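Here is the naming used below: chain letters follow the sequence lines, and residue numbers restart at 1 for every chain. Every value quoted in this text rests on a predicted model; they were computed, and no experiment measured them.
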Amino acid sequence: MPKNLVIVESPAKAGTIEGFLGKDFTVASSYGHVRDLPKGDNAIDIENGFTPHYEVSKDKKEVIRNLKKLVKSVDTVYLASDDDREGEAIAWHLSEALKLDKASTKRIVFREITKNAVLKALESPREIDMELVNAQQARRILDRLVGFELSPILWRKVKTGLSAGRVQSVAVRLVVEREREIDRFKVNSSFKVVAAFTLETGEQLKGELPKKFDTIEEAQAFLEKCQGADFSISNLESRPVKKSPTAPFTTSTLQQEASRKFGYSVAQTMRLAQQLYEKGLITYMRTDSTILSGEAISRATNEITSAYGEQFVKVRQYKTKSASAQEAHEAIRPTNFASRSAGVDGQSTLLYELIWKRAIASQMADAELEKTTATISISTADDHLISTGEVIKFEGFLKVYIESTDEENGNGNDSLSKDMLPPITIGQVLNFIEMTARETFSRHAARFTEASLVKKLEEMGIGRPSTYAPTISTILKRNYVVKESRDGKPRAFNLITLNREGINATLESENAGAEKNKLFPTDIGIIVNDFLVEHFPNIVDYSFTANVEEEFDKIANGKYDWAKMIEEFYLPFHEKVEKTADDERP
DNA sequence: CAGTGAGCGAGCTTCCGCTTGACTT
């Protein structure tokens with residue numbers, strides 16, 4: 001009979017850890033939070049210091065029953081929920097719900113699921129940090145008060161069943177304001193000059209004028225000036241360029257890259273990642289950390305050495321960008337770097353390979369490129385044309401992984417697109433084919449995709465890895481925003497061509513404004529947003545979360561009383577709620 | 001007498017964050 005019980009949050013994690021520990025240990029899972037505020041109005045006793053009344057959640061009754069049985073059969077209980085604010089609260093709720101005896105209960109934490117990390121954690125147990133728990137309670141209570149006081153106002157003023165909250169309302173605001181910015185956007189056109197030449201070898205060389213012309217008259221005049229000109233290479237410069245790999249995946253970067261490369265929705269990505277996690281193929285998929293365990297790094301470098309050679313290895317540790325990161329887990333990586341394929345269905349395999357490549361590439365050498373710039377002089381003008389090309393001298397991490405970028409045209413764009421220049425020398429005279437001046441148009445800021453909205457929220461410190469996908473689902477379900485693809489419309493543009501026959505101006509047509517899977521605000525989304533911005537500007541302020549997070553940190557450090565913090569927020573907020581509700585204006 | 005309809009009251013919606021698995025489509 002085991003003498004010790006370890007409780008973690010996830011059953012898959014429990015299975016792994018049980019494998020590390022001997023017969024004296026049994027490992028069980030709480031399946032996340034076990035208690036929460038009930039739905040009704042009595043959950044928080046506002047009159048008495050905002051005292052919360054928690055209940056075991058409906059779907060956790062069975063979990064608690066089973067855990068209680070296990071507790072009875074052991075001597076010591078180790079609460080091993082995640083090493084962050086929510087995890088600390090889970091540990092406390094477990095100790096309350098299971099009525100654990102303080103003397104035989106220990107709190108342990110680890111940030112990587114490796115045998116060493118777990119054994120070390122068992123050797124240095126501590127008590128539950130009530131200040132951290134109080135910071136979580138303040139977070140929970142604030143979110144309930146905001147959500148459950150604002151939403152009913154919307155039922156009365158706009159439409160029943162609507163919702164507002166600290167996170168979702170800011171997400172909607174971002175989409176609404178982006179759309180307004182696009183509406184206000186004034187398109188400018190300008191003329192871009194490109195020339196094409198042939199070399200004796202038959203290869204082509206293209207050169208571009210660095211400046212653009214504002215008017216068709218100036219463009220026309222420039223082409224006229226170039227008529228009959230001689231073109232030659234007047235300068236040739238090469239410089240080395242290094243490219244470094246990006247950090248291994250966090251939840252949000254995985255969602256972005258899977259969206260760009262495969263067009264997956266954020267919910268779809270999380271579903272597939274969950275499957276991989278449950279099969280034991282990847283580490284935990286809800287994380288804000290880019291850190292790899294020492295063990296993972298050494299196994300990744302072994303794989304790189306055997307597959308590509310030692311010169312491709314470069315050990316790196318990445319700093320997390322977002323200030324709100326809690327880093328209770330590792331970055332998302334394969335559990336076994338030697339396994340290149342998930343061997344499951346198509347979509348999961350693609351996602352697995354993406355995770356493998358990104359994690360492996362993160363420990364690989366820089367790519368070394370040579371960037372060449374050729375300057376082409378024009379005998380009849382002071383202006384020069386510029387031609388650039390790139391040559392990869394050493395592939396480094398590019399052998400494995402190229403990150404995609406958000407581009408308006410089409411989905412992800414993986415290619416490095418820059419070709420190398422054909423062999424040319426200074427003084428070489430070029431054989432002119434043609435020169436074009438094409439009218440191009442300035443572009444408004446891109447509409448959000450699901451994934452780019454998540455990226456924005458993360459940058460602002462709003463929401464957590466476990467809530468990014470559900471937040472997107474909520475604002476879609478409420479019909480505040482819609483995800484749509486729209487066909488573009490034909491747009492005329494001027495094209496002037498200079499070739500051996502002379503100058504010829506034509507009006508051409510291109511397709512412009514096509515959108516694929518972008519978020520658009522709905523009328524109801526705009527109405528709700530404008531209502532909240534007018535009456536509750538502080539709640540939907542982009543820095544509201546950052547401000548309250550600062551106060552939660554003070555609570556966690558014992559420098560601020562949580563009830564005091566809630567009171568100072570709630571009194572003016574509630575007064576405003578009452579006033580707004582009484583206001584008979586629609 | 002039977003069926004209809006106006007009017008009334010009760011009960012519900014909702015937050016964020018931590019986890020799966022049980023549900024539909």
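Between A:R156 and A:A581, the shortest heavy-atom distance links the atoms NH2-O, 2.9 Å.
A donor-acceptor contact shorter than 3.5 Å is absent between the side chain of A:Q136 and the backbone of A:E88. Proximity of a side-chain donor or acceptor of A:S259 to a complementary backbone N or O of A:S265 within less than 3.5 Å is not detected. Counting only distance, with no hydrogens or angles, the side chain of A:T251 and the backbone of A:T287 share a donor-acceptor pair below 3.5 Å.
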Between the protein and nucleotides 18-20 of chain B, list the N/O to N/O atom pairs that are separated by less than 3.5 angstrom.
from   : atom 1 : to     : atom 2 : distance (Å)
B:dC18 : OP2    : A:S466 : OG     : 2.7
B:dC18 : O5'    : A:S466 : OG     : 3.4
B:dC18 : O3'    : A:E9   : OE1    : 3.0
B:dC18 : O2     : A:H33  : N      : 2.6
B:dT19 : OP1    : A:Y284 : OH     : 2.4
B:dT19 : OP2    : A:Y284 : OH     : 2.6
B:dT19 : OP2    : A:R286 : NE     : 3.0
B:dT19 : O5'    : A:Y284 : OH     : 3.3
B:dT19 : O4'    : A:G32  : N      : 3.3
B:dT20 : OP1    : A:S10  : OG     : 2.7
B:dT20 : OP2    : A:Q274 : NE2    : 3.3
B:dT20 : OP2    : A:R286 : NH2    : 2.7

Polar-atom pairs under 3.5 Å, protein N or O versus N or O of nucleotides 7-9 of chain B: list them with distances, or write none.
none

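When heavy atoms are screened at a 4.0 angstrom cut-off, A:V167 is found touching the sugar-phosphate backbone but no base atom. Nucleic acid contact class of A:L37 (heavy atoms, under 4.0 Å, all strands): none. Within 4.0 Å (heavy atoms only), A:S151 reaches at least one base atom of the nucleic acid.
The distance from the CZ atom of A:R140 to the CG atom of A:D36 is 4.5 Å, given to the nearest 0.5 Å.
Remark: A:F148 pairs with no residue by the ring pair (Phe, Tyr, Trp, His ring centres under 6.0 Å) rule, at least two apart or across chains. Not a single side chain to side chain donor-acceptor pair (under 3.5 Å) links A:R271 to another residue, sequence neighbours left out.
By the 6.0 Å and 45° rule, A:R35 stacks over the aromatic ring of A:W92. Under the 6.0 Å distance and 45° angle rule, A:R486 counts as a cation-pi partner of A:F520.
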Can you give the donor-acceptor pairs under 3.5 Å from side chains of residues 468-477 of chain A to other protein atoms, not counting sequence neighbours?
from   : atom 1 : to     : atom 2 : distance (Å)
A:T471 : OG1    : A:T467 : O      : 2.7
A:S473 : OG     : A:A469 : O      : 3.2
A:T474 : OG1    : A:P470 : O      : 3.0

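Mapped onto DNA chain B by nearest heavy atom, A:S169 and A:K39 fall at different nucleotides, with A:K39 at the one closer to the 5' end. Taking the nucleotide of DNA chain B with the nearest heavy atom to each of A:G463 and A:P152, the more 5' of the two is matched to A:P152.
Residue A:R35 places no side-chain N or O under 4.0 Å from the OP1 or OP2 atom of B:dG17. Residue A:Q136 places no side-chain N or O under 4.0 Å from the OP1 or OP2 atom of B:dG17. Phosphate proximity of B:dT13 to A:T160: absent, as no side-chain N or O sits under 4.0 Å from OP1 or OP2.
For the pair A:F536 CZ and B:dC15 C1', the interatomic distance rounds to 15 Å; values are reported in whole Å.
For A:K60, the NZ atom sits in a packed shell: over 12 heavy atoms of surrounding residues, nucleotides or ligands are nearer than 6.0 Å.
Taking a pair as Watson-Crick or G-U with both hydrogen-bonding distances under 3.5 Å, no stem of three or more pairs touches DNA chain B.
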